[in-house]
Amino acid sequence: MKKNGFRTAGLRVLRVLAVLAVWLAVWEAFAYAVGLTIVLPTVEETASEFFRLLASSGFYLSCALSLLRILCGYLLGILLGLLFSFLSVRARFLRDLFSPAMTVIRSTPVASFILVLWVLIGSENVPVAIAVLMVLPVIYQNITDGHAATDPALLEVCRVYGIRGMRRFRLLTLPTLLPYLIPALTAGAGFAWKAGVAAEIICYTKNSIGQEIYLAKNSFESARMFAFTIAVILLSVALEKSVRLLGKGVLSRARHGTHPENLR
């Protein structure tokens with residue numbers, strides 16, 4: 001069985017490497033077809049620049065500060081989404097009040113929000129605010145849907161057995177909402193990261209990945225711009241996978257709580 005597991009993992013790695021090789025070949029073909037490094041650098045030039053960045057302390061400082069800003073906005077967006085959802089479930093008026101705002105946030109182009117917030121709160125704070133706006137409606141809608149999907153039979157079990165407060169939250173509410181919350185957290189992480197970096201680029205936020213991409217674009221250093229873009233992609237994948245793995249672990253421990261026998 002262990003040998004089969006290693007074989008499966010090996011095949012999965014080979015598939016990933018094969019797909020990566022195909023897309024790198026496509027990139028290289030386009031680069032040679034264009035024939036202008038200033039427009040589209042080759043894979044080799046971009047990889048060389050990326051490894052140069054990895055040897056620079058400034059690269060890690062920019063990545064760390066960008067992550068810090070955007071994670072702060074991400075966490076604040078989660079808290080606000082949970083709070084507004086909790087309030088809207090308990091008061092129809094608040095649900096009617098919040099719904100148009102969430103629709104506006106989802107429908108408005110990110111660039112419009114960035115430009116408006118840039119004027120109102122300054123370039124340093126825009127990535128945080130944009131991350132909040134990306135996460136808030138996703139969390140709000142998913143958790144509201146989760147509350148609406150709660151099994152009435154389990155609610156009746158709680159009423160019959162007098163299960164209230166934190167015990168009801170632990171045994172019923174949390175296991176019910178987690179399948180809705182985890183996808184929202186994963187999607188929100190990707191949205192917040194991409195929009196946050198875009199805000200850094202537009203607002204020229206100091207000591208950020210966005211600023212580095214903006215400078216590389218202005219100085220026609222395409223290989224450097226592509227190298228920083230690769231860093232953005234890798235950090236986005238790592239962030240989303242971390243959230244997904246953490247969520248799966250929490251969900252597997254909470255699933256038993258939805259069974260009526262566990263509510264007795």
Side-chain angles (χ1 to χ4, degrees), residues 13 16-17 19-21 23-24 27-28 31 37-79 110-111 113-114 117-118 121-135 185-249:
V13 170
V16 170
L17 292 176
V19 169
L20 181 61
W23 284 111
L24 289 177
W27 177 357
E28 193 75 359
T37 299
I38 198 172
V39 176
L40 183 61
T42 64
V43 173
E44 182 183 356
E45 290 167 335
T46 303
S48 176
E49 183 62 33
F50 182 73
F51 286 113
R52 271 199 293 271
L53 290 178
L54 292 180
S56 166
S57 59
F59 169 75
Y60 296 101
L61 177 63
S62 296
C63 290
L65 291 177
S66 290
L67 277 170
L68 179 61
R69 292 187 193 96
I70 295 167
L71 282 176
C72 285
Y74 174 67
L75 294 174
L76 182 56
I78 292 170
L79 292 176
V110 176
F113 274 126
I114 292 172
L117 291 170
W118 190 3
I121 62 177
S123 63
E124 293 297 315
N125 300 313
V126 173
V128 179
I130 286 296
V132 172
L133 291 176
M134 291 299 101
V135 177
L185 292 175
T186 305
F191 293 154
W193 177 246
K194 288 181 287 188
V197 172
E200 291 178 341
I201 295 171
I202 294 174
C203 297
Y204 195 67
T205 306
K206 293 180 180 178
N207 299 316
S208 69
I209 293 178
Q211 183 189 45
E212 294 292 345
I213 293 175
Y214 182 89
L215 289 172
K217 185 266 295 183
N218 273 9
S219 58
F220 301 103
E221 296 178 274
S222 296
R224 185 176 178 84
M225 184 177 70
F226 273 67
F228 267 106
T229 303
I230 289 172
V232 171
I233 294 169
L234 292 176
L235 287 170
S236 178
V237 171
L239 185 60
E240 288 188 33
K241 284 191 176 295
S242 298
V243 172
R244 187 178 292 112
L245 288 174
L246 181 62
K248 282 182 178 179

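None of the values given here were measured: they were computed from a predicted structure.
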inquiry  = Suppose we screen for side chain to side chain donor-acceptor pair (under 3.5 Å). Which residues come up paired with S219, at least two apart in sequence or across chains?
reply    = E221

ask   = F113 and V126: side-chain contact (heavy atoms from CB on, under 4.5 Å), yes or no, with the steps?
value = CA-CA 9 Å; F113 274 126; V126 173; over 6 Å; no

task = Decide yes or no for T42 and T37: does some side-chain heavy atom of the first lie under 4.5 Å from some side-chain heavy atom of the second?
result = no

Side-chain donor-acceptor pairs under 3.5 Å in residues 58-67, sequence neighbours left out?
from : atom 1 : to   : atom 2 : distance (Å)
Y60  : OH     : L54  : O      : 2.7
S62  : OG     : G58  : O      : 3.1
S66  : OG     : S62  : O      : 3.1
S66  : OG     : E200 : OE1    : 3.0
S66  : OG     : E200 : OE2    : 2.9
S66  : OG     : I209 : N      : 2.9

key: Shortest non-hydrogen contact between F220 and I38, atoms and distance   = CB-CD1, 3.5 Å

message = Could you measure the distance from the CD1 atom of I130 to the CD1 atom of I114? Nearest 0.5 Å is fine.
response = 4.5 Å

Return all side-chain donor-acceptor pairs below 3.5 angstrom for residues 228-247, not counting sequence neighbours, or 'none' if the list is empty.
from : atom 1 : to   : atom 2 : distance (Å)
T229 : OG1    : M225 : O      : 2.8
S242 : OG     : A238 : O      : 2.7

ask   = Once you round to the nearest 0.5 Å, how far does CD1 of I202 lie from OG of S123?
value = 12.5 Å

ask   = Counting only heavy atoms not in E124, do more than 12 fall under 6.0 Å of its CD?
value = yes

message = Please check this pair: side chain of E45 against backbone of A223, looking for a donor-acceptor N/O pair closer than 3.5 Å.
response = no

inquiry  = Show the nearest heavy-atom pair for residues T46 and W27, with the distance to one decimal.
reply    = OG1-CZ2, 3.3 Å

Min side-chain heavy-atom separation T205-Q211 under 4.5 Å = no

request  = Would you name the heavy atoms of A227 and L53 that are closest together and state the gap between them?
outcome  = CB-CD1, 3.6 Å

Where A192 and V135 come nearest, the two heavy atoms and their spacing = CB-CG2, 3.8 Å

inquiry  = Enumerate the salt bridge (Lys or Arg N to Asp or Glu O under 4.0 Å) contacts for residues 202-220, please, sequence neighbours excluded, ordered by first and then second residue.
reply    = E212-R224

G196 versus P127, closest heavy-atom pair with distance = O-CB, 3.9 Å

inquiry  = Strictly by salt bridge (Lys or Arg N to Asp or Glu O under 4.0 Å), give each pair with a member in residues 54-63 just once, sequence neighbours left out.
reply    = none

query = At their closest point, which heavy atom of I70 faces which heavy atom of V197, and how far apart are they?
reply = CD1-N, 3.8 Å

Pairs meeting criterion ring-ring contact (aromatic ring centres under 6.0 Å, His included) with involvement of residues 188-208, two or more places apart = Y204-Y214

